[in-house]
Amino acid sequence: MYNVLIDFSHLADVNGFGEIARNYAPLLAQTPLSDIHFIFIVPDHLVGTFGAHIDYIRRSRKREDLKKLDKHIDLWHATDQQFHLRGGDSRTVQLLTVHDLNFLREKSGLHRLRHVVQLWWRMRRSDHLTCISQYVKDDIFQHYPSLTPNSSLLTPIDVIYNGIASHEDEPQQRPAFVSSDHEPFFFTIGQIREKKNFQTLVPMMHHFPDHKLYICGDDHFVFAQELRRLVSEQGEGRVVMTGKIRDEEKRWLYAHAQAFLFPSRLEGFGIPVLEAMRFRCKVFTSRFSSLPEICGSHATYFDDYAPEAMAATVRQGLSSWQKDSEAATAALHHSQDFSYERYTQQYISLYARLLGGA
């Protein structure tokens, strides 16, 4: 029996790491495996959530609980590069999932250098890496040449795409900030940070006087203040920053929006674009980072970020879009290829392969 530890420290976080963990952990726990015993690191209040057949390590007491557990860890999976503890011994297979290298574009000076060195060290101390897109894998090869296939220090890297949860049939609720079920509006969601490029949408709305734009998501970041000023100056009363919303509200917005607008410049994967496709919502996005890889031909891309050009792209894309069209169905089927069932099976297969070679 192999002991496999999975770091789900971010299980309760309202971000991409948390979203993935909340979908992966229960599926993993429900999978009957005769030769693998799972140990989960979880936030303290979630100990026991996935059944008594799982051993639990409290996030706040990791070292203490690992010592009490007194089991050899055969494989340790750090599910993101921001982990705070890597344990085991020389016999433990170390698996690391890298989500993005956004710090290369977002940080500078010593702060950037610290992240560069930290990730290099964590990758070099790993026996195997996974990435959430080919874009991230290529980014690693570009900026860490010692890890490329031509290097003698090669660390194997697999691409395992994130899953998308199937919430289409779950309850929906119109948010209070939407005036009626028939209000024409556009929707976007994400952390309110400069890399999301939401600022390009505000002046574009001048060309849609009959629509509103709802910008939803965590707005505690410094950039949110700049975006609020822009909305106040150029939003013409039709652009609304809502802050965080509940899941049932998000589902309603996907289902009722005339379009989902996602001009982000930095995405390791881009969960929202696939979520929108699940609801047959027309997606407009950028050609930056992983987004063309994830969306393929099922999105319309912004090639010019002048307000008039963006508006023309949206009008043209919507002119031939119907929720019951073949294009909407094709986008739905494309998004369904990214399932957590597939994600879970791919990781279980990888664990077995790594342990078999240990």
**Student:** Taking Pro43's backbone N and O only, do any of them form a donor-acceptor pair with Arg58's side chain (distance below 3.5 Å, no angle check)?
**Tutor:**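 No, the answer is negative, given that no donor and acceptor are paired below the 3.5 Å cut-off.
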
**Student:** Please tell me whether His211 and Gln258 have a donor and an acceptor in their side chains that are separated by less than 3.5 angstrom.
**Tutor:**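 Yes, because at least one side-chain N or O of His211 sits under 3.5 Å from a partner of the opposite role on Gln258.
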
**Student:** Looking at every non-hydrogen atom in both residues, tell me the closest pair between Cys216 and Thr242 and how far apart they are.
**Tutor:**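 What the structure gives for the nearest pair is SG-OG1, 3.1 Å.
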
**Student:** Using modelled atom types and a 3.5 Å cut-off, is there a donor and acceptor pairing between side-chain atoms of Arg265 and backbone atoms of Lys195?
**Tutor:**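 Checked: no pair found.
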
**Student:** His72 vs Asp89, test: side-chain hydrogen bond (donor to acceptor under 3.5 Å, both in side chains). Steps then yes/no.
**Tutor:** CA-CA 8 Å; His72 177 259; Asp89 56 31; 3.1 Å; yes

**Student:** Are the side chains of Ser9 and Ile41 in contact, using a 4.5 Å heavy-atom criterion?
**Tutor:** yes

**Student:** Please determine whether a side-chain nitrogen of the Lys or Arg among Lys71 and Asp55 lies less than 4.0 Å from a carboxylate oxygen of the Asp or Glu.
**Tutor:** yes

**Student:** Is Asp158 close to Arg353 at the side-chain level, that is, under 4.5 Å between some pair of heavy atoms?
**Tutor:**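 They are in side-chain contact.
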
**Student:** Rounded to the nearest 0.5 Å, how far apart are CD1 of Ile57 and CG of Leu5?
**Tutor:**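 Atom-to-atom, Ile57:CD1 and Leu5:CG are 6.5 Å apart.
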
**Student:** Give a yes or no on whether the backbone of Phe83 and the side-chain of Arg122 come within a donor-acceptor separation of less than 3.5 Å.
**Tutor:** yes

**Student:** For His10 and Asn15, test the side chains for any donor-to-acceptor distance below 3.5 angstrom and give the result as yes or no.
**Tutor:**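 Note: His10 and Asn15 side chains miss the donor-acceptor criterion.
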
**Student:** Check whether Ser133 reaches the backbone of Gly268 with its side chain - one donor and one acceptor, N or O, closer than 3.5 Å.
**Tutor:**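 A pair under 3.5 Å: yes.
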
**Student:** Under the rule for side-chain hydrogen bond (donor to acceptor under 3.5 Å, both in side chains), what residues qualify as partners of Arg105, not counting sequence neighbours?
**Tutor:**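 Counting only residues at least two positions away or on another chain, Arg105 forms a side-chain hydrogen bond (donor to acceptor under 3.5 Å, both in side chains) with Asp139.
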
**Student:** What is the minimum heavy-atom distance between Pro292 and Ser286, and which atoms define it?
**Tutor:** CD-O, 4.0 Å

**Student:** Kindly indicate, with the supporting measurements, whether the criterion side-chain contact (heavy atoms from CB on, under 4.5 Å) is fulfilled by Leu69 and Asp65.
**Tutor:** CA-CA 6 Å; Leu69 185 63; Asp65 287 357; over 6 Å; no

**Student:** Report yes or no: does Thr188 contribute a side-chain atom to a donor-acceptor pair with the main-chain N or O of Leu261 at less than 3.5 Å?
**Tutor:**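 Side chain of Thr188 to backbone of Leu261: a pair is present.
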
**Student:** With His334, which residues qualify under side-chain hydrogen bond (donor to acceptor under 3.5 Å, both in side chains), at least two apart?
**Tutor:** none

**Student:** Does Pro263 offer a backbone N or O that forms a donor-acceptor pair with the side chain of Asn197 under 3.5 Å?
**Tutor:**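 Yes; at least one donor-acceptor contact below 3.5 Å.
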
**Student:** So, are Glu106 and Arg112 salt-bridged, with charged N and O less than 4.0 Å apart?
**Tutor:**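 The answer is no: the pair does not qualify as a salt bridge.
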
**Student:** Can you name the closest pair of heavy atoms from Asp127 and Pro156 and give their distance?
**Tutor:** O-CD, 3.5 Å

**Student:** For residues 295-311, which side-chain donor-acceptor pairs fall under 3.5 Å, sequence neighbours excluded?
**Tutor:**
| from | atom 1 | to | atom 2 | distance (Å) |
| --- | --- | --- | --- | --- |
| Thr300 | OG1 | Lys282 | NZ | 2.7 |
| Tyr301 | OH | Gly296 | O | 2.6 |
| Asp303 | OD1 | Arg287 | NE | 2.5 |
| Asp303 | OD2 | Arg287 | NH2 | 3.4 |
| Asp304 | OD1 | Ala306 | N | 2.9 |

**Student:** If you group Ile, Leu, Val, Met, Phe, Trp and Tyr by side-chain heavy-atom gaps below 4.5 Å, do Ile54 and Ile6 land in one group?
**Tutor:**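 Linked within one cluster.
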
**Student:** Quick one: does Arg114's side chain get under 4.5 Å of Gln118's, heavy atoms only?
**Tutor:** yes

**Student:** Working to the nearest 0.5 angstrom, can you tell me the gap between Leu119 CG and Ile140 CD1?
**Tutor:** 6.5 Å

**Student:** Quick check: do Leu85 and Trp76 have side-chain heavy atoms less than 4.5 Å from each other?
**Tutor:**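 In contact.
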
**Student:** Working note: Ile215 + Ile192, criterion side-chain contact (heavy atoms from CB on, under 4.5 Å); need CA distance, chi angles, decisive distance, verdict.
**Tutor:** CA-CA 8 Å; Ile215 302 175; Ile192 310 302; 3.7 Å; yes

**Student:** Do any pairs count as a side chain to side chain donor-acceptor pair (under 3.5 Å) and have a residue in residues 160-185, sequence neighbours left out, and if so which ones?
**Tutor:** Tyr161-Glu293, Ser166-Arg278, His167-Glu170, Glu170-Arg251, Gln173-Arg246, Arg174-Asp181, Ser179-Glu183, Glu183-Tyr214

**Student:** Measure from NZ or CZ of Arg193 to the centre of the six-membered ring of Phe223, then state whether that distance is under 6.0 Å and the direction lies within 45° of the axis.
**Tutor:** no

**Student:** Would you say the ring centroid of Phe186 lies under 6.0 angstrom from that of Phe284?
**Tutor:**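 No - the distance between ring centres of Phe186 and Phe284 does not fall below the 6.0 Å cut-off.
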
**Student:** Report yes if the side chains of Tyr254 and Pro272 come closer than 4.5 Å at any heavy-atom pair, otherwise no.
**Tutor:**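 Yes, at least one pair of side-chain atoms sits under 4.5 Å.
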
**Student:** Given 3.5 Å as the limit, does a donor-acceptor pair link the side chain of Asp70 with the main chain of Leu66, or not?
**Tutor:** no

**Student:** Would you name the heavy atoms of Phe40 and Ala29 that are closest together and state the gap between them?
**Tutor:**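 Answer, listing the atom of Phe40 first, then Ala29: CE1-CB, 4.2 Å.
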
**Student:** Of all the heavy-atom pairs spanning His37 and His53, show the shortest one and how long it is.
**Tutor:** CE1-O, 3.2 Å

**Student:** Let me confirm one number: the CE-OG1 distance from Met204 to Thr313, rounded to the nearest 0.5 Å.
**Tutor:**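 The OG1 atom of Thr313 is 9.5 Å from CE of Met204, to the nearest 0.5 Å.
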
**Student:** Please give me the minimum heavy-atom distance between Leu101 and Val98, naming the atom from each residue.
**Tutor:** CD1-CG1, 3.9 Å

**Student:** Within the 4.5 Å heavy-atom criterion, are Leu104 and Val116 side-chain neighbours or not?
**Tutor:**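 Sidechains of Val116 and Leu104: in contact.
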
**Student:** Assess, by modelled atom type and distance only, whether the side chains of Tyr347 and Thr31 contain a donor and an acceptor separated by less than 3.5 Å.
**Tutor:** no

**Student:** Quick one: pull up OG1 in Thr92 and CG in Asn3 and give me the separation to the nearest 0.5 Å.
**Tutor:** 9.5 Å

**Student:** Measuring from atom CD1 of Ile157 to atom OG1 of Thr130, what distance do you get when rounded to the nearest 0.5 angstrom?
**Tutor:**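 Between atom CD1 of Ile157 and atom OG1 of Thr130 there are 9.5 Å.
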
**Student:** Do His99 and Phe17 have ring centres separated by under 6.0 Å?
**Tutor:**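 Ring centres of Phe17 and His99 closer than 6.0 Å.
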
**Student:** Just wondering, do Leu28 and Thr344 contact through their side chains at under 4.5 Å, heavy atoms?
**Tutor:** yes

**Student:** Is Asp44 reaching over with its side chain to a backbone N or O of Ser60, donor-acceptor style, under 3.5 angstrom?
**Tutor:** yes

**Student:** Arg280 and Ser325: side-chain donor and acceptor closer than 3.5 Å?
**Tutor:** no

**Student:** For the hydrophobic clusters of this structure (ILVMFWY residues joined by side-chain heavy atoms under 4.5 Å, transitively), does one cluster hold both Ile160 and Val4?
**Tutor:** yes

**Student:** To the nearest 0.5 Å, what is the distance between CD1 on Ile189 and CZ on Phe262?
**Tutor:**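 Here the interatomic distance stands at 9.5 Å.
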
**Student:** Between Tyr340 and Tyr24, is the gap from one ring center to the other below 6.0 Å?
**Tutor:**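 No: the rings miss the under 6.0 Å criterion.
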
**Student:** Within the side chain of Ser126, is there an N or O that forms a donor-acceptor pair under 3.5 Å with the backbone of His128?
**Tutor:** no

**Student:** Does any N or O in the side chain of Ser290 come within less than 3.5 Å of the main-chain N or O of Glu267, such that one atom is a donor and the other an acceptor?
**Tutor:** yes

**Student:** Go through it in stages, so that I can follow the logic: the residues are His206 and Glu236, the test is side-chain hydrogen bond (donor to acceptor under 3.5 Å, both in side chains), and I'd like the CA-CA distance, side-chain angles, deciding distance and then a yes or no.
**Tutor:** CA-CA 7 Å; His206 173 75; Glu236 301 177 4; 2.7 Å; yes

**Student:** Do Leu350 and Leu95 touch side chain to side chain, with heavy atoms closer than 4.5 Å?
**Tutor:** yes

**Student:** Going only through I, L, V, M, F, W and Y residues with side-chain contacts under 4.5 Å, is there a path from Ile271 to Val273?
**Tutor:** yes

**Student:** Could you name each residue pair satisfying salt bridge (Lys or Arg N to Asp or Glu O under 4.0 Å) that touches residues 219-233, not counting sequence neighbours?
**Tutor:** Asp219-Arg228

**Student:** Can you sort out the partners of His115 under ring pair (Phe, Tyr, Trp, His ring centres under 6.0 Å), two or more places apart, ordered by chain and number?
**Tutor:** Phe103, His111

**Student:** Using the benzene-type ring in the case of Trp, are the ring centres of Phe187 and Phe185 under 6.0 Å apart?
**Tutor:**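 Centroid distance Phe187-Phe185: not below 6.0 Å, so no.
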
